[in-house]
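Proteins get letters first, then strands, A, B, ... in listed order; numbering begins at 1 in each.
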Protein chains: 2
Amino acid sequence: MDRRITKKDDDASDKGRPTLKTLAFMTGLGVTTVSRALKDAPEIGAETRRRVQLVAKQIGYRPNRAGVRLRTGKTNVISLVLNTEHELMSFVSDIIYGVTEVIADTPYHLIVTPYSRSQDPLDPVRYLVETGSADGVIISRTQPNDPRARYMLERGIPFATHGRTDMGLVHPYHDFDNYAFAGEAVRALAGKGRTRLALVTPPVGLTYYRHTVNGFADALSEVGASEVPFNTVSIDQSIEQIRMRTAQLMRRKDRPDGFVSSAAAATLAVVAGIEDAGLQLGRDVDVVSKQSSKLLHLFRRELLVVNENFRLAGSELARAVLGWIGGADPGTLQSLSTPSEVLPYRG
Amino acid sequence: MDRRITKKDDDASDKGRPTLKTLAFMTGLGVTTVSRALKDAPEIGAETRRRVQLVAKQIGYRPNRAGVRLRTGKTNVISLVLNTEHELMSFVSDIIYGVTEVIADTPYHLIVTPYSRSQDPLDPVRYLVETGSADGVIISRTQPNDPRARYMLERGIPFATHGRTDMGLVHPYHDFDNYAFAGEAVRALAGKGRTRLALVTPPVGLTYYRHTVNGFADALSEVGASEVPFNTVSIDQSIEQIRMRTAQLMRRKDRPDGFVSSAAAATLAVVAGIEDAGLQLGRDVDVVSKQSSKLLHLFRRELLVVNENFRLAGSELARAVLGWIGGADPGTLQSLSTPSEVLPYRG
DNA sequence: CCAATATACTGAAACGTTACAGATTGCCAA
DNA sequence: TTGGCAATCTGTAACGTTTCAGTATATTGG
């Protein structure tokens, strides 16, 4: 009953932002009550609850992240782990935008955790887990047997992968159906009478490399076309490398008359290489390419494109991680995006 | 003297990560001593200091961010504020990579704070400042009279702008010299005998719009060329818009014979528009464009390009913010990047 | 009418860190 | 010897939050 006004209590007029103590002072309640009232705890009277929430809204109370984090361990952070040393990763911004779109009306912040080519990809993940810097993690460049996924599964930290794994372990992911993409691409080329096809593969070692290669191979035998090996090239090589190797290939007598390319930037290089060899797109050879922006048709209208939506990927990944953090079953947080049909240039 | 081992003291074997208390227990010192020893405080004996630091390193001690943040208010976070609703912001990933490069060996984390077109650009900044979510902020799309810069200056929170302001207020920035770029571009076109030039401007309202327009105008009169107004177009319009408007312009009798374009994506659209009108790049018209990736020459080898390095921009911006946080004079944290010469295609 | 119980609220402790105000020791000058 | 002082080290409190273990009051059942 002796609620004396001490030095500690009169901070309502302090310069800082309002805290639970401020709210407690204003409402005449204890901090505990205020805390519980704000999160709709059942043991707080309905009227008190409304009153506290009203005052909180009025003065613009925002929980102090450090306080919450220190007490509960909850960071309200999700981390996007990125390899920062690959030539052309324009889609990265799309993924980021997709993620922020989803977390916009949650208390979550997005931190970007980079790692360089020289580092073990496990390093940044280990750092995040060891320092408890995030409640959830999103990784890309996923491998069939991915040590990062295994590690996080062991440590029990929620995560989602961009691309699937193949370890018999279940976890959230979002993936583009690259098997279907490669298949559609081959069929489209076959439809144009192309019979000798080359594949510009994803980086060897990543899961979607296998998916793409398999989709390509299966469709080849389905349509009765043959493969022209082009193993010296993959999309994370430099533009110059791809261009040069393509030109070499196209100068050979047994050159392909069709390409399937797994990335837009690589496609630019491939086309340049084709033209370096004195050949013409649409006449001597056709190219089907994935793209994330809508720009390839401006580049050469003869290109055939399939769109991959990375913004959607970002959103799905964010949704998946948040879902897992929220206690959902990881097995239900997996999604696969079906490629659009193969699109020719139109007007 | 009666240092009894209580329940609280024996947490050295706890499952959690080591804290100052763990370190104190292991070294037999007090937490205060350990804390100060780790930050090289002068009142700690040299040997003790070494001993503490050794043990800390051995067991992999990492300060708890929440603890530090709660106690000191220091978040060890810098925020990059981004507009997430502009067509093609492939350079965003470059800026991010540039930033992460610089903060990699600091305790700082990078958070991405988005805002959409419909929002007041001041909103995210206000949020960051009010919630104390970051020690420093990086903003882009800077305006001559930028309310965000003014706001942060008032609140005393360190920041850096990508692009300059023009309010008579001093703050860190990094900018590309767009005045010089536009001038060089005009001179290059004049060197090719082009005399009727159009400018594809940056977004109206941003500071570098003025810089670009002025550089363009001054160089025009310098070389004695004339401007073909093209005010209906700026680089943050849609590809389709730019393409259509360019085609319209090029079908007119008084069409330009040269373009200066402030962004690579817009350039693709402009070239498409030129070709829609039945004209040919290099013969009927020349185009000088800025680019951040190295891809424009693959698109059309007749293009003339000037490179803008956004990764560098990110690094400079990060350095500037960290500098200001570290107490440096904001006036010394300004940098301007000089454009490369205008580059024609080479092999 | 009393005890049991439900309802509504509360203070204290803890998370990990740093700042403040000592405390202990040894040494030197007077 | 004593007072002063420098060199080292230490406990306590505080940052804002949530959880634990209550307390006080009203309500119910017998």
Think B:Thr72 has a side-chain N or O under 4.0 angstrom from the OP1 or OP2 of C:dT17?
no
Can you see if the side chain of B:Thr33 gets near the phosphate of D:dT10 - specifically, an N or O under 4.0 Å from OP1 or OP2?
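Answer is yes, contact under 4.0 Å.
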So for B:Thr19 and C:dT17, does any side-chain atom that can act as donor or acceptor lie under 3.5 Å from a complementary atom in the base?
no
How many Å lie between [atom1] on [X] and [atom2] on [N], as a whole number?
X	N	atom1	atom2	result
B:Leu23	D:dT10	CG	P	13 Å
A:Lys74	D:dG16	NZ	C1'	17 Å
A:Arg36	C:dC9	CZ	C1'	10 Å
A:Leu20	C:dG11	CG	C1'	15 Å
B:Arg17	C:dG16	CZ	P	8 Å

Report the residues that fulfil salt bridge (charged side-chain N to carboxylate O under 4.0 Å, His left out) with B:Asp123, sequence neighbours left out, ordered by chain and then residue number.
B:Arg126
Can you give me every donor-acceptor pair (side chain of residues 60-69 of chain B, partner residue at least two apart or in another chain, under 3.5 Å) with its distance?
| residue | atom | partner | partner atom | Å |
| --- | --- | --- | --- | --- |
| B:Asn64 | OD1 | B:Ala66 | N | 2.7 |
| B:Asn64 | OD1 | B:Gly67 | N | 2.8 |
| B:Arg65 | NH1 | B:His109 | ND1 | 3.4 |
| B:Arg65 | NH2 | B:Asn76 | O | 3.3 |
| B:Arg65 | NH2 | B:Pro107 | O | 2.3 |

So which of residues 38-58 of chain B are in contact with DNA chain D, with a heavy-atom cut-off of under 4.0 Å?
B:Glu43, B:Ile44, B:Gly45, B:Thr48
Determine all donor-acceptor pairs shorter than 3.5 Å in which one atom belongs to a side chain in residues 30-41 of chain A; sequence neighbours excluded.
| residue | atom | partner | partner atom | Å |
| --- | --- | --- | --- | --- |
| A:Arg36 | NH1 | A:Glu43 | OE2 | 3.1 |
| A:Arg36 | NH2 | A:Glu43 | OE2 | 2.9 |
| A:Asp40 | OD1 | A:Gln53 | NE2 | 2.9 |

Between B:Val31 and A:Val31, name the one whose nearest nucleotide on DNA chain D is closer to the 5' end.
B:Val31
For B:Thr75 and B:Asp135, does a side-chain donor sit closer than 3.5 Å to a side-chain acceptor?
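Yes.
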Let's see if you can work this out: which of [options] has an atom nearest to the side-chain heavy atoms of [X]?
X	options	value
A:Val68	D:dG11, D:dT17, C:dT17	D:dT17
B:Pro63	D:dT19, D:dT17, C:dT17	C:dT17
A:Lys21	D:dC15, D:dT17, C:dG11	D:dC15
A:Leu70	C:dC15, C:dA19, C:dG11	C:dC15

Would you find a donor on one side and an acceptor on the other, under 3.5 Å apart, between the side chain of B:Thr142 and the backbone of B:Arg164?
no
Applying side-chain contact (heavy atoms from CB on, under 4.5 Å), name anything that partners B:Pro172, two or more places apart in sequence or on another chain.
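If we apply the side-chain contact (heavy atoms from CB on, under 4.5 Å) test to B:Pro172, skipping adjacent residues, the hits are B:Ala160, B:Ala320, B:Trp324, B:Pro330, B:Leu333.
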Using the side-chain contact (heavy atoms from CB on, under 4.5 Å) criterion, which residues pair with B:Ala134? Sequence neighbours excluded.
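B:Ala134: side-chain contact (heavy atoms from CB on, under 4.5 Å) contacts with B:Val77, B:Ser79.
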